Asker: 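Take a look at this one; I'll ask things after.
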Amino acid sequence: MAMETSAESPVPVRTVLQAVGGWIGKLGRIWVEGQITDLNARGGTVYLTLRDPVANMSVRVVGPRPVFEAAGPAVTDGARVVIHAKPDFWINRGTFSLSAIEVKPVGVGELLARLERLKQLLASEGLFRPERKKPLPFLPHKIGLICGRDSDAEHDVLKNARRRWPAVAFQVENTAVQGHYAVGEVMEALRKLDADPDIEVIILTRGGGSMEDLLPFSDEALVRAVSSARTPVISAIGHEQDSPLLDLVADVRASTPTDAAKRAVPDVREQLHLIRQLRDRGRRCLSGNLDRETAWLRSIRSRPALADPIREIERQSEQAASLRDRARRCLSSALDRSSDELTHTRARLLALSPAATLNRGYAIVQRADDSVVRSNTDVKPAEPLHIRLAEGHLNVTVTDEPIG
């Protein structure tokens, strides 16, 4: 519960410190992990600072000498330990510390187990997926380099990169590459280089070392920072057999600093050789195309239509005249056949016409209603009849009885 205070009713220092001590006392005994610094033994008491390996935070630890001696000789400055301690708050001085009850050094096996658990956690989050990795630019104009000061790794990267491509530029950030300051300095250098728009690739490198020396490059905070970086990152930590978690999250993993330089920039000699090959290939392709087009043009020019165009015109004119004559003959023949058919039809019509029959001496006898008389029995006495002849006609009257 928060204290109720005001400018008119303040509380004395002892009350505040007693309350803080009470709150801290409620924590009980805890296990805490960190890195030992400022180890000092005076009499039967050991004093040290337990530093967080990632954040810039630390706490004072006090404990009996036998507790630390029981942990063995591994408990030294720079060692990572797990301490079972009771939080203490000295009310008279207003200081906080941990009273050590048990100390356990973090061995190699424990470190490997922790790294494996962290590796599985990061893998489950997808930080190692290949599709997250960014491609390297073909020819970066400026490269960021994070390495130790005057280290062999720095010299190897600079020498090999400039030998492969002399015009490449570097921005070098020297940091601690081992120890409890390494993670913070490397992350700050990474943040600075990643924020620079001129930096197209970042190389993070150091030489080989023990597993403890390479622990900063398996730190969770650093691994996550590399994963979220905008700029492609090349990891070149240690030797081929070394495999910190940084190698898994980096966009490209190089086996050595020299290999990192080879992956970051192309070899100018190889590129010149490739340019010569491409130029020769282009020349051959262009020459082959020109030869094919020349042969095609020569073939076209040798055709009769282009070699002797007048002869082709004459041939086409002869063909047109031949077609015209054929059309005329066909039309004349069709007209002749039609004329003959018309003559024959006319003759048949004349032969079958009634006028032709009348010309042969026949006559047509009709009644007043124009009906034709076909028998003498069809007429009556005194009936008027009309007789048509070949030339002219007669009107007659029947005077006699029909003769049977």
Side-chain angles (χ1 to χ4, degrees), residues 52-55 80 108 110-137 140 143-148 151 153-154 156-157 171-197 199-265:
D52 189 289
V54 176
R80 296 185 68 164
V108 174
E110 177 64 19
L111 287 176
L112 290 175
R114 292 184 183 182
L115 289 179
E116 184 61 28
R117 288 194 294 271
L118 178 58
K119 178 180 177 180
Q120 293 177 359
L121 172 64
L122 298 176
S124 66
E125 296 179 11
L127 267 63
F128 303 153
R129 292 201 307 266
E131 55 267 24
R132 288 178 57 93
K133 299 185 182 298
K134 297 175 285 295
L136 299 180
I143 300 174
L145 177 61
I146 302 175
C147 57
S151 62
E154 177 183 358
D156 288 346
V157 171
Q171 180 173 331
V172 181
E173 295 291 333
N174 295 121
T175 65
V177 290
Q178 69 183 58
H180 55 272
Y181 295 106
V183 174
E185 293 185 9
V186 171
M187 288 181 62
E188 176 60 24
L190 178 66
R191 183 199 62 77
K192 179 180 178 181
L193 293 175
D194 191 44
D196 189 346
I199 301 297
E200 300 181 50
V201 177
I202 298 174
I203 299 176
L204 209 162
T205 184
R206 67 149 285 165
S210 64
M211 190 192 73
E212 291 81 358
D213 292 339
L214 300 181
L215 277 178
F217 300 98
S218 293
D219 183 83
E220 181 178 359
L222 178 57
V223 170
R224 293 186 182 278
V226 171
S227 174
S228 59
R230 172 191 59 84
T231 310
V233 177
I234 299 176
S235 172
I237 307 300
H239 302 300
E240 179 68 30
Q241 67 273 14
D242 298 320
S243 183
L245 297 183
L246 183 66
D247 285 349
L248 301 177
V249 76
D251 299 294
V252 174
R253 192 256 180 179
S255 57
T256 62
T258 301
D259 184 40
K262 292 180 179 180
R263 291 173 178 267
V265 294

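Please read all numbers here as calculations on a predicted model, not as lab measurements.
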Asker: Can you name the salt bridge (charged side-chain N to carboxylate O under 4.0 Å, His left out) partners of R132, sequence neighbours left out?
Answerer: none
Asker: Look at the side chain of E185 and the backbone N and O of A176, then say whether any donor-acceptor pair between them is shorter than 3.5 Å.
Answerer: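 Pair found, side chain donor or acceptor close to backbone of A176.
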Asker: Enumerate the residue pairs fulfilling salt bridge (charged side-chain N to carboxylate O under 4.0 Å, His left out) with a member in residues 224-238, sequence neighbours excluded, ordered by first and then second residue.
Answerer: E125-R224, E220-R224
Asker: Name all residues meeting the salt bridge (charged side-chain N to carboxylate O under 4.0 Å, His left out) criterion together with D194; count only those two or more places apart in sequence or in a different chain, and write none if there are none.
Answerer: none
Asker: Can you confirm whether S218 sits close enough to V223 that some side-chain heavy atom of one is under 4.5 Å from a side-chain heavy atom of the other?
Answerer: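 Side-chain contact under 4.5 Å: no.
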Asker: Going through the checks in order, is the side-chain contact (heavy atoms from CB on, under 4.5 Å) test met by L245 and L118?
Answerer: CA-CA 9 Å; L245 297 183; L118 178 58; 3.6 Å; yes
Asker: Got more than 12 heavy atoms from elsewhere within 6.0 Å of NZ, K262?
Answerer: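 Open.
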Asker: Kindly indicate, with the supporting measurements, whether the criterion side-chain contact (heavy atoms from CB on, under 4.5 Å) is fulfilled by L122 and L248.
Answerer: CA-CA 10 Å; L122 298 176; L248 301 177; over 6 Å; no
Asker: When rounded to the nearest 0.5 angstrom, what is the spacing between CG in L222 and CG in L204?
Answerer: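 One gets 6.5 Å once the value is rounded to the nearest 0.5 Å.
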Asker: Mind running side-chain contact (heavy atoms from CB on, under 4.5 Å) on L193 and L190 for me, showing each step along the way?
Answerer: CA-CA 5 Å; L193 293 175; L190 178 66; 5.8 Å; no
Asker: Mind checking the CD-NZ spacing from E131 to K133? Nearest 0.5 Å is all I need.
Answerer: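 If we round to the nearest 0.5 Å, E131:CD and K133:NZ are 10.0 Å apart.
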Asker: Applying side-chain contact (heavy atoms from CB on, under 4.5 Å), can you list everything that pairs with V177, at least two apart in sequence or on another chain?
Answerer: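 side-chain contact (heavy atoms from CB on, under 4.5 Å) check on V177 returns T175, R206, F217.
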Asker: To the nearest 0.5 Å, what is the distance between CZ (R253) and CG (D259)?
Answerer: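 Here the rounded value is 8.5 Å.
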Asker: Nearest 0.5 Å, what's the CD1-CD distance between I146 and E154?
Answerer: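 Between atom CD1 of I146 and atom CD of E154 there are 12.0 Å.
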Asker: Who passes salt bridge (charged side-chain N to carboxylate O under 4.0 Å, His left out) against K192, sequence neighbours left out?
Answerer: E173
Asker: I'd like to check the side-chain contact (heavy atoms from CB on, under 4.5 Å) partners of A153; sequence neighbours left out, ordered by chain and number.
Answerer: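 S151, T205, P257.
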Asker: Is there side-chain contact between V157 and I143, with heavy atoms separated by less than 4.5 Å?
Answerer: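 No, every pair of side-chain atoms sits at 4.5 Å or beyond.
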Asker: For K134 and A229, which heavy atoms make the closest approach, and how far apart are they?
Answerer: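 Scanning both residues, the minimum pair turns out to be NZ-O, 3.1 Å.
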Asker: So, using side-chain hydrogen bond (donor to acceptor under 3.5 Å, both in side chains) as the criterion, who are the partners of D196 when residues are at least two apart?
Answerer: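 side-chain hydrogen bond (donor to acceptor under 3.5 Å, both in side chains) list for D196, sorted by chain: empty.
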Asker: What residues, two or more places apart in sequence or in another chain, satisfy salt bridge (charged side-chain N to carboxylate O under 4.0 Å, His left out) together with D156?
Answerer: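 Counting only residues at least two positions away or on another chain, D156 forms no salt bridge (charged side-chain N to carboxylate O under 4.0 Å, His left out).
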Asker: Going by side-chain contact (heavy atoms from CB on, under 4.5 Å), name the residues that satisfy it together with L136, two or more places apart in sequence or in a different chain.
Answerer: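 L136: side-chain contact (heavy atoms from CB on, under 4.5 Å) contacts with V201, P232, I234, V252.
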